[in-house]
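Structure first, commentary second.
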Amino acid sequence: MPKFSCDFRCLLVPAAFAFIYIQMRLFATQSEYADRLAAAVESENHCTSQMRLLIDQISMQQGRIVALEEERKRQGEECRQLKALIEDLERKGLQKVADKAPVAAVVIMACNRADYLERTIKSVLKYQSSIASRYPLFVSQDGSNPDVRSKALSYDQLMYMQHLDSEPVQTERPGELIAYYKIARHYKWALDQLFYKHKFSRVIILEDDMEIAPDFFNYFEAAAALLDKDKSIMAVSSWNDNGQKQFVYDPYTLYRSDFFPGLGWMLTRSMWDELSPKWPKAYWDDWLRLKENRKGRQFVRPEVCRTYNFGEQGSSLGQFFKQYLEPIKLNDAQVDWKSMNLSYLMEDNYTKYFANILKNAKAVHGNDAVLKAYNIEGDVRIQYKDQSDFERIARQFGIFEEWKDGVPRTAYKGIVVFRYHTQRRIFLVGPDSLRRLGVEDA
């Protein structure tokens, strides 16, 4: 019996060690699981926190989206209201002239110069108000400058058009200003509107930095009759590039020219029918000066300008403005154009008329021709050999030297005419001009 008890105790010792070992392992395992569970709970809490933050951010973005959508709806409603206002103004304005026969619509091309636009509108209304039914006035704005829009809409005497063009501009040459492309697009859109939507037979185009002369509208009414009769006249302009005070004298004198003057000009719907489909992407005025587009046709221009360009501010003209634009003489005489016989400007008459004037001018030759011309009373003609020779002579007198597509500014059959400090006319005559006019060289 004692032996058995001893053996039993001996067995209990290993069993106790085994039990203790197992308990220790269980404790270690439980501790490990507890640590893992704590880490899992912490991770879950972190994920929950991140999820709540993400939900908050999504809620904020949804709030912004809702606000932007409300803003978009508000702006859309404003655009619809503005469009309705513009259409109403156009309808009211056109109703005023619906039963009458306008001579021409007058459009002021504008963009972003509200102060200039106001000055131009006031100048036009000064002479247009009493004959508004014969010359309906429009302002066509390119873009959405709010000051220009507000200024135009503040006048009940005119109709407002707005050209909104979001199509990207692709210039044809590196470094080109996209403004030239946008201007060409605006001109085409505005003229299409006036000729095809509003059905005017003639349109006078002004820019937002011009003032007009007292007889501006009488001049264009007389010119309208010329345009209707003589299809060799492409357009009529109120501008003379060499219209500076020292180079003009007679407000009654008009000329034909192979060079498109622009800056206050009128064309007909039939001419626009030809030009509109092939209107250029940019540089529309130089495009009109190309021989391929003129097709032998010419322009009528005055000796004394009926428009004055005051647009120096915000331009890159600089010295050009000071030399050529600022000294322009704006006509201040009231010419009764209705009583004037302008048949001498018809194609069949003008060549002979101009040739006779040229014949009576005294021919002056030699390198000192300019000095000789200054000391001669009466009209003078000086022949130039080529473009560089013309530029040399023009530089001495101070007139425009520029040519476009082989034609000097203001020229008729290669001849540039201007006054020189007095009534005296100076004719700069091209190498082939006399033959073209049938005049023998003296």
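Start at 1 with the first residue, then count along the sequence. Atom set for the values below is all heavy atoms of this structure, side chains included, hydrogens, waters and symmetry mates excluded.
- Salt-bridge annotation for D228 and R202: present, with a side-chain N of the basic residue lying under 4.0 Å from a carboxylate O of the acidic one.
- Applying the salt bridge (charged side-chain N to carboxylate O under 4.0 Å, His left out) test to every pair with at least one member in residues 345-358, sequence neighbours left out, gives no pairs at all.
- Qualifying side chain to side chain donor-acceptor pair (under 3.5 Å) partners for R424, counting only residues two or more places apart in sequence or in other chains: none.
- Two residues are said to be in side-chain contact when any heavy atoms from C-beta on lie closer than 4.5 Å; Y127 and F216 fail this criterion.
- Of the candidates Y187, W189, W287, W279 forms a ring-ring contact (aromatic ring centres under 6.0 Å, His included) with just one, namely W287.
- Between D286 and K404 there is a salt bridge, since a side-chain N of the basic residue sits under 4.0 Å from a carboxylate O of the acidic one.
- One finds a salt bridge joining E274 and R297 here, because a Lys/Arg side-chain nitrogen approaches an Asp/Glu carboxylate oxygen to under 4.0 Å.
- Between the CZ atom of F259 and the CD atom of Q298 there is a distance of 14.0 Å, given to the nearest 0.5 Å.
- From I426, atom CD1 reaches atom OH of Y420 across 7.5 Å, with rounding to the nearest 0.5 Å.
- Partners of R269 under the side chain to side chain donor-acceptor pair (under 3.5 Å) rule, at least two apart in sequence or in another chain, do not exist in this structure.
- Side-chain contact between V300 and V236: present, with at least one pair of heavy atoms (C-beta onward) separated by less than 4.5 Å.
- The CH2 atom of W265 lies 4.5 Å from the CZ atom of F260; values are rounded to the nearest 0.5 Å.
- Each of D241, N240, N242 was compared with R409 under the side-chain hydrogen bond (donor to acceptor under 3.5 Å, both in side chains) criterion, and only D241 meets it.
- Going from atom CG of N367 over to atom CD of Q396 covers 9.0 Å, rounded to the nearest 0.5 Å.
- A 4.5 Å side-chain heavy-atom check between V148 and C111 finds every atom pair outside the cut-off.
- Without hydrogens or angle criteria, Y249 side chain to V304 main chain gives no donor-acceptor distance under 3.5 Å.
- A salt bridge links R113 to D209: one of the charged nitrogens lies within less than 4.0 Å of a carboxylate oxygen.
- Smallest separation of non-hydrogen atoms from D147 and N145: N-OD1, 3.1 Å.
- Between F310 and M210 the shortest heavy-atom distance is CE2-N, 3.2 Å.
- R289 places none of its side-chain heavy atoms less than 4.5 Å from the side chain of D405.
- K281 and E172 get closest at one heavy-atom pair: CD-OE2, 3.5 Å.
- Remark: the backbone N or O of G264 is paired with a side-chain donor or acceptor of S238 at under 3.5 angstrom.
- The closest side-chain heavy-atom distance from Y374 to V380 is not below 4.5 Å.
- Closest approach of I108 and V124 over heavy atoms only: CD1-CG2, 4.3 Å.
- Note: R301 CZ to T410 OG1 = 5.0 Å, rounded to the nearest 0.5 Å.
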